[in-house]
Amino acid sequence: MKGILVDMDSSYPRGDNLKLRVKDVFIAGALPIHTYIFRKSEFGLTYEFRLQNVIDMVGFLTSIVGPSKTGKTVLCDKVIGQNHYVDFIGNDFKDTEDFWVTIANRVGISLERDHTEIRKIEGQGLAGTKEEITTSITESFHSNKDKVIQYFINNDLVLLLDDFHYASSEKQLEIAYQLKDAIRKGFRTIIISLPHRSDDAIRKNTDLGGRLNLINIEPWNKDELREIAVAGFGKLDMEIDLTIADNIAQESLSSPQLMQSICYNLGMLLNIDNTATPVMPDQGLLVKAYRMTSLNLLAYQEVARKLKTGPNPRGQKRKTYMTIKKEEVDIYELLLKAIAEDPPTVSLSTDSIKRRIDVLLGDAADKPDRVKIKTAIDQVQSIIQSSEPVYQVFEYKDDEVYILEPLFLFYLRWGIL
């Protein structure tokens with residue numbers, strides 16, 4: 001274990017006799033005050049120290065890479081503060097629009113300005129006399145990126161580019177080119193992306209060589225996730241059983257956001273806010289908390305259905321298989337079932353998926369071979385790549401399926417398909 005520190009921020013407003021409520025403690029969508037966990041990375045340094053140490057380095061670009069929903073943006077909230085960064089996602093930048101124009105539009109500054117020049121000329125006055133006539137000439141023109149850079153510097157702002165991989169390859173290259181000069185002028189930028197996604201425009205850009213601060217966020221382990229439950233329920237005057245905390249941590253799939261959501265729903269089911277001595281949840285209530293959490297993830301219902309449907313069969317009937325639960329499924333539904341099987345994991349090799357499929361089919365004589373499984377994965381990957389960002393839930397690379405969105409896998413396991 002790399003080390004765990006719990007944020008005991010005493011500045012959070014509360015009266016001496018005011019009992020904390022579940023909503024105060026377990027916060028999934030913003031910076032958690034009472035359950036923020038400081039994790040240690042290389043050389044025993046916290047991620048917070050590392051980000052604070054590099055963000056003000058003039059001439060350097062900061063790249064944060066880590067799995068989805070592992071607290072990369074929350075880390076920036078903690079170190080920089082929401083009022084001190086302007087955030088974008090990769091697909092905010094369109095190929096047809098200038099990079100700096102996009103940023104200027106977001107912060108409300110105009111790259112066009114009116115310039116009025118006052119000129120005095122001699123004109124013909126009354127009765128043939130001469131007099132000076134004042135006239136003005138107004139013109140509009142575009143300033144360069146320096147106006148945006150100066151605005152960020154004057155207002156102590158950082159540019160935060162989240163989900164950088166959603167930008168097109170061409171746009172990534174353009175952004176890298178634009179940032180190369182901007183960071184030399186004190187323009188602070190953080191780029192956030194996922195592992196296994198192409199950010200070569202940044203990391204392998206020779207022009208940025210030696211001027212890139214790399215922060216690789218490791219997946220949360222069970223001990224670190226468990227501490228959210230232990231610290232949080234402790235704040236609510238309840239000692240959570242470590243077995244239950246470990247179970248929640250395993251289902252959270254290295255995501256502190258998911259851990260916070262499950263703990264919040266469990267706390268609500270236990271009615272902790274209105275109970276003096278809440279009872280320890282049993283397995284049934286824990287499953288109910290998982291089901292309840294999945295209700296907030298219905299966006300993935302359509303994703304699961306689309307991937308389960310697979311490519312257009314073009315009138316041909318697909319081969320089906322009978323599972324040990326007497327469910328008749330085709331190869332695409334079988335693939336999703338295998339990914340959702342125990343134990344939950346964010347990466348699976350083709351061979352691991354085949355073993356899971358073999359278990360799902362039990363003693364059936366006819367089972368898909370490795371080639372058929374690999375072809376099905378390739379087909380699903382094609383559907384993902386040609387769909388909107390919400391469908392970018394996993395990636396097949398180097399014979400390995402990487403779950404990019406742990407919330408999707410959680411929904412596969414506990415949601416209504």
Side-chain angles (χ1 to χ4, degrees), residues 5-13 27-42 45-90 92-93 99-100 102-109 145 148-167 175-176 178-179 182-194 199 202-203 208 211-218 220 224 228 255-257 260:
L5 296 169
V6 183
D7 191 4
M8 301 296 186
D9 190 344
S10 59
S11 65
Y12 189 80
I27 301 175
L31 178 66
I33 302 298
H34 298 285
T35 50
Y36 186 92
I37 307 297
F38 290 86
R39 297 195 300 148
K40 292 183 178 180
S41 60
E42 297 90 344
L45 302 174
T46 65
Y47 290 115
E48 291 74 17
F49 177 84
R50 291 191 59 200
L51 181 56
Q52 186 66 66
N53 187 54
V54 302
I55 189 58
D56 292 326
M57 293 177 66
V58 176
F60 280 76
L61 182 68
T62 300
S63 172
I64 301 177
V65 174
S68 179
K69 305 300 183 293
T70 52
K72 300 184 293 296
T73 307
V74 170
L75 171 65
C76 295
D77 289 347
K78 184 70 174 177
V79 175
I80 303 169
Q82 292 182 353
N83 294 330
H84 290 284
Y85 69 73
V86 180
D87 61 319
F88 292 83
I89 59 175
D92 285 335
F93 298 97
F99 174 68
W100 298 105
T102 302
I103 298 173
N105 289 340
R106 172 68 63 83
V107 298
I109 62 175
K145 63 187 177 186
V148 176
I149 293 173
Q150 198 58 50
Y151 178 87
F152 271 68
I153 293 173
N154 292 344
N155 291 277
D156 192 29
L157 293 173
V158 177
L159 177 65
L160 186 66
L161 302 183
D162 206 346
D163 289 331
F164 185 64
H165 50 277
Y166 284 157
I175 292 173
Q178 296 291 342
L179 291 177
I183 58 176
R184 292 193 302 106
K185 299 177 179 179
F187 187 70
R188 298 181 298 169
T189 305
I190 297 173
I191 290 180
I192 297 177
S193 56
L194 300 179
D199 60 351
I202 297 297
R203 292 206 167 203
L208 292 173
R211 292 191 287 163
L212 195 61
N213 290 314
L214 305 177
I215 300 178
N216 289 311
I217 305 294
E218 293 293 328
W220 287 58
E224 292 165 339
I228 293 175
S255 170
Q257 178 180 325
Q260 294 275 0

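Counting begins at 1 with the first residue of the sequence. Quick caveat, the model's predicted, so the values are computed rather than measured. Values reported hereafter were calculated over all heavy atoms of this structure, with side chains retained and with hydrogens, waters and symmetry mates removed.
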*What do the steps show when you test I149 against W100 for side-chain contact (heavy atoms from CB on, under 4.5 Å), and what is the final call?*
CA-CA 9 Å; I149 293 173; W100 298 105; 4.1 Å; yes
*Does any N or O in the side chain of S255 come within less than 3.5 Å of the main-chain N or O of K69, such that one atom is a donor and the other an acceptor?*
yes
*About how many Å separate CG of L179 and CZ of F187, when rounded to the nearest 0.5 Å?*
6.5 Å
*Determine the minimum heavy-atom distance between S193 and F164, stating which atoms define it.*
CB-CB, 4.4 Å
*Under 3.5 Å donor-acceptor, N155 side chain and Y151 backbone*: yes
*Closest heavy-atom contact between I27 and Q260?*
N-OE1, 3.0 Å
*May I have the step-by-step check of side-chain contact (heavy atoms from CB on, under 4.5 Å) for K145 and I103, ending in yes or no?*
CA-CA 10 Å; K145 63 187 177 186; I103 298 173; over 6 Å; no
*Non-hydrogen atoms of Q52 and D56 that approach each other most closely*: NE2-OD2, 4.1 Å
*To the nearest 0.5 Å, tell me how far T189 OG1 sits from L61 CG.*
6.0 Å
*How close do L159 and F99 get, heavy atom to heavy atom, and via which atoms?*
CD2-CZ, 4.0 Å
*Would you call the rings of F93 and F88 parallel, tilted or perpendicular, where under 30° means parallel and over 60° means perpendicular?*
tilted
_Is there a side-chain contact between V65 and L214 in this structure, where contact means two heavy atoms from C-beta onward sitting under 4.5 Å apart?_
no
*For R106 and D87, indicate whether the former's side chain and the latter's backbone hold a donor-acceptor pair under 3.5 Å.*
yes
*Less than 4.5 Å apart, any side-chain heavy atom of C76 and any of I190?*
yes
*asked:* Between E48 and K78 (salt bridge meaning N to carboxylate O under 4.0 Å), is one present in this structure?
replied: no
_Using 0.5 Å steps for rounding, measure from the CD1 atom of I80 to the CG atom of L160._
6.5 Å
_From CG (L75) to CD1 (I215), nearest 0.5 Å_ = 7.0 Å
*Which heavy atom of T46 sits nearest a heavy atom of F38, and at what distance?*
CG2-CB, 4.5 Å
*Looking at side-chain heavy atoms only, is the closest gap between R188 and D156 below 4.5 Å?*
yes
*Interatomic distance, D77 atom CG to Y85 atom OH [nearest 0.5 angstrom]*: 3.5 Å
*Minimum heavy-atom distance between G66 and L194, given as atom pair plus value*: O-CD2, 3.4 Å
*With the side chain counted from C-beta on, respond yes when Y47 and I64 share a heavy-atom pair under 4.5 Å apart, and no when they do not.*
no
*Considering only NZ, NE, NH1 and NH2 on the basic side and carboxylate oxygens on the acidic side, decide whether D163 and K72 come within less than 4.0 Å.*
no
_Test item: T35 side-chain N/O and P32 main-chain N/O as donor-acceptor pair under 3.5 Å_ = no
*asked:* Checking the side chain of R211 only, and the main-chain atoms of V58 only, is there a donor and an acceptor separated by less than 3.5 Å?
replied: no
*Point-to-point distance, once rounded to the nearest 0.5 Å, from CG of N154 to CD of Q150*: 4.5 Å
